[in-house]
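Below is one structure, written out as structure tokens; comments come after it.
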Amino acid sequence: MPPTVLICPKVLDHTAGEHFDVLVGAGFSVRYAKPVRDLLTAEELSANLDKVDAVIAGSEPYTAKVLAQFPSIRVISRVGVGYDSVDVAAATERGVAVAITPGANHDSVAELTFALMLAHYKRLIPSQAMMVSGGFDRKMTHPLRGKTIGLVGYGRIGQAVARLAHAFQMRVIYHDPVASVPAGDTSDAVALDDLWKQSDIISLHAPLLPETRHLVRKETIAKMKTGALIINTARGALINEADLAEGLKSGRVGGAGLDVFEREPPTGSPILTAPRVVMTPHVGGIDEEGVRQMALMACQSVVDLYQGRFPTERIVNGTELGPWTWAKDST
């Protein structure tokens, strides 16, 4: 029997595209999870995983319990760069390779980051509402040029945001102790406390780790410029939403642009009723070109592994797995 791959993300819920051709051309049988909502629950995921060899994954939860139920899984290949929805330790213990798609959607996220900034600084949401209600009040807006943007995290996405910021004549500062900065980069590395104090706009591009959870909270908000704008297109739990909502209500925080949330959807979150917030439903990385590239890379990783190639730069747990082959009894 041919190996079976399950495609989970709703944005790929069709058969057309290069990613599908790559899988079929390598001999895979392709199934689609067909999520009812944007994200499969653990129960819905489990209902689709029987006799599956590889998964093209969204952000559905690959817990230790799920992995234990389905020992046939050899690869979880994420359509994206985050992998906090995968229990990597449990996957490694079971010899499951966890792959991501680095470099495929950074420009998409950077563009949305700027869309959220511009929506706030150019008053797009209140202006639309005012005109729909019959008004035509020409209030002044704010410039981005001359503002200081502080980037927390300076990987591919942070650097893509920096390139756009320089084009907008902004000063760019960043904090990232492990950043690999290209020659000729004109952004300035600063200590995190200095970034809080100096930035007119703070944009988050850090991974979610124990040390970055609730990075933006009451204590760090107190260090920021009064009226600073906070943008988050990275991971929702980088922000304590209750503290941010309080900062917005008090005026300490000038505004927020959020594409990600502590819980998605953010039902019941205080951020939903806070003032001066522009929200999008976790769409930063899924513009048409970004999805095309991520889907193709995710599927190519599965094919590479099946055919005996090991794309080290895309495998999160490659070092821990040790010698790895597709055949389960060879790991």
Side-chain angles (χ1 to χ4, degrees), residues 3-17 19-20 22-23 28-92 94 96-101 104-105 108-109 207-208 233-237 259-269 279-288 290-302 305 314 316-317:
T4 298
V5 62
L6 177 71
I7 297 180
C8 291
K10 192 171 184 178
V11 291
L12 300 181
D13 190 14
H14 53 78
T15 57
H19 64 284
F20 179 81
V22 163
L23 292 171
F28 279 89
S29 172
V30 180
R31 291 183 357 209
Y32 287 85
K34 299 186 181 299
V36 176
R37 300 175 182 82
D38 286 334
L39 187 63
L40 291 164
T41 64
E43 292 76 18
E44 290 168 339
L45 175 61
S46 295
N48 283 276
L49 284 175
D50 188 43
K51 298 179 182 178
V52 165
D53 299 284
V55 183
I56 304 301
S59 297
E60 59 279 354
Y62 294 89
T63 63
K65 180 180 178 181
V66 167
L67 292 169
Q69 287 179 294
F70 301 98
S72 64
I73 297 174
R74 303 301 296 123
V75 182
I76 298 170
S77 190
R78 275 276 292 119
V79 179
V81 294
Y83 50 91
D84 44 282
S85 61
V86 181
D87 188 329
V88 177
T92 302
R94 296 184 172 277
V96 178
V98 179
I100 59 173
T101 56
N105 70 339
S108 174
V109 179
L208 180 59
T233 55
R235 286 292 178 264
D259 183 51
V260 290
F261 304 87
E262 289 192 85
R263 184 176 64 183
E264 297 182 354
T267 307
S269 171
M279 291 174 279
T280 49
H282 203 156
V283 295
I286 57 170
D287 72 7
E288 292 175 355
V291 168
R292 185 191 71 80
Q293 291 187 25
M294 287 190 296
L296 183 58
M297 188 183 296
C299 292
Q300 187 62 56
S301 292
V302 171
L305 289 163
R314 288 176 249 154
V316 171
N317 58 342

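Side chains included, hydrogens not; waters and symmetry mates left out as well; all remaining heavy atoms used.
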Work out which heavy atom in [X] is nearest to a heavy atom in [Y]; give both atom names and the distance.
{"X": "Ala295", "Y": "Val79", "value": "N-CG1, 4.3 Å"}
{"X": "Asp53", "Y": "Pro3", "value": "OD2-CA, 3.3 Å"}
{"X": "Pro61", "Y": "Leu45", "value": "O-CD2, 3.4 Å"}
{"X": "Asp259", "Y": "Gly284", "value": "OD2-N, 2.8 Å"}
{"X": "Ala104", "Y": "Gln293", "value": "O-OE1, 3.4 Å"}
{"X": "Val302", "Y": "Ser77", "value": "CG2-CB, 3.7 Å"}

Drop me the distance from [X]'s [atom1] to [Y]'s [atom2], to the nearest 0.5 angstrom.
{"X": "Tyr83", "Y": "Thr101", "atom1": "OH", "atom2": "OG1", "result": "12.5 Å"}
{"X": "Leu67", "Y": "Arg94", "atom1": "CG", "atom2": "CZ", "result": "7.0 Å"}
{"X": "Leu40", "Y": "Ser85", "atom1": "CG", "atom2": "OG", "result": "11.0 Å"}
{"X": "Ile56", "Y": "Leu12", "atom1": "CD1", "atom2": "CG", "result": "8.5 Å"}
{"X": "Thr4", "Y": "Leu23", "atom1": "OG1", "atom2": "CG", "result": "11.0 Å"}
{"X": "Leu49", "Y": "Ile73", "atom1": "CG", "atom2": "CD1", "result": "4.5 Å"}

For Val86 and Val96, run side chain to side chain contact (heavy atoms under 4.5 Å, CB included): C-alpha distance rounded to whole Å, both residues' side-chain angles, the deciding distance at 0.1 Å, then the answer.
CA-CA 11 Å; Val86 181; Val96 178; over 6 Å; no
Walk me through it: do Val55 and Tyr62 pass the test side chain to side chain contact (heavy atoms under 4.5 Å, CB included)?
-> CA-CA 10 Å; Val55 183; Tyr62 294 89; 2.9 Å; yes
| request: State, yes or no, whether a side-chain contact exists between Ser59 and Arg78 at a heavy-atom distance under 4.5 Å. | output: yes
| task | Would you mind reporting whether Arg74 and Leu305 have side-chain heavy atoms less than 4.5 Å apart? | result | no
Using side chain to side chain contact (heavy atoms under 4.5 Å, CB included), reason through Ser46 and Phe70 one step at a time and then give a plain yes or no. CA-CA 8 Å; Ser46 295; Phe70 301 98; 3.9 Å; yes
Does any N or O in the side chain of [X] come within less than 3.5 Å of the main-chain N or O of [Y], such that one atom is a donor and the other an acceptor?
{"X": "Asp287", "Y": "Gly290", "answer": "yes"}
{"X": "Glu60", "Y": "Gly58", "answer": "yes"}
{"X": "Arg31", "Y": "Val52", "answer": "no"}

request  = For Asn317, enumerate each residue passing the side chain to side chain donor-acceptor pair (under 3.5 Å) test, keeping only those at least two apart in sequence or located in another chain.
outcome  =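 Partners of Asn317 under the side chain to side chain donor-acceptor pair (under 3.5 Å) test: Thr92.
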Subject >> Residue from Arg292, Arg314, His19 passing side-chain contact (heavy atoms from CB on, under 4.5 Å) with Met297 >> reply: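 In the set Arg292, Arg314, His19, the residue that makes a side-chain contact (heavy atoms from CB on, under 4.5 Å) with Met297 is Arg314.
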For Val11, the side chain to side chain contact (heavy atoms under 4.5 Å, CB included) test, sequence neighbours excluded, returns Pro9, Ile286, Val291
For atom CZ of Phe28, decide whether the heavy atoms of other residues, nucleotides or ligands shown that lie under 6.0 angstrom number more than 12.
yes
Run the side chain to side chain contact (heavy atoms under 4.5 Å, CB included) test on Glu264 and Leu39 for me, step by step, so that the C-alpha distance in whole Å, both residues' side-chain angles and the decisive distance to 0.1 Å come before the verdict. CA-CA 9 Å; Glu264 297 182 354; Leu39 187 63; 5.9 Å; no
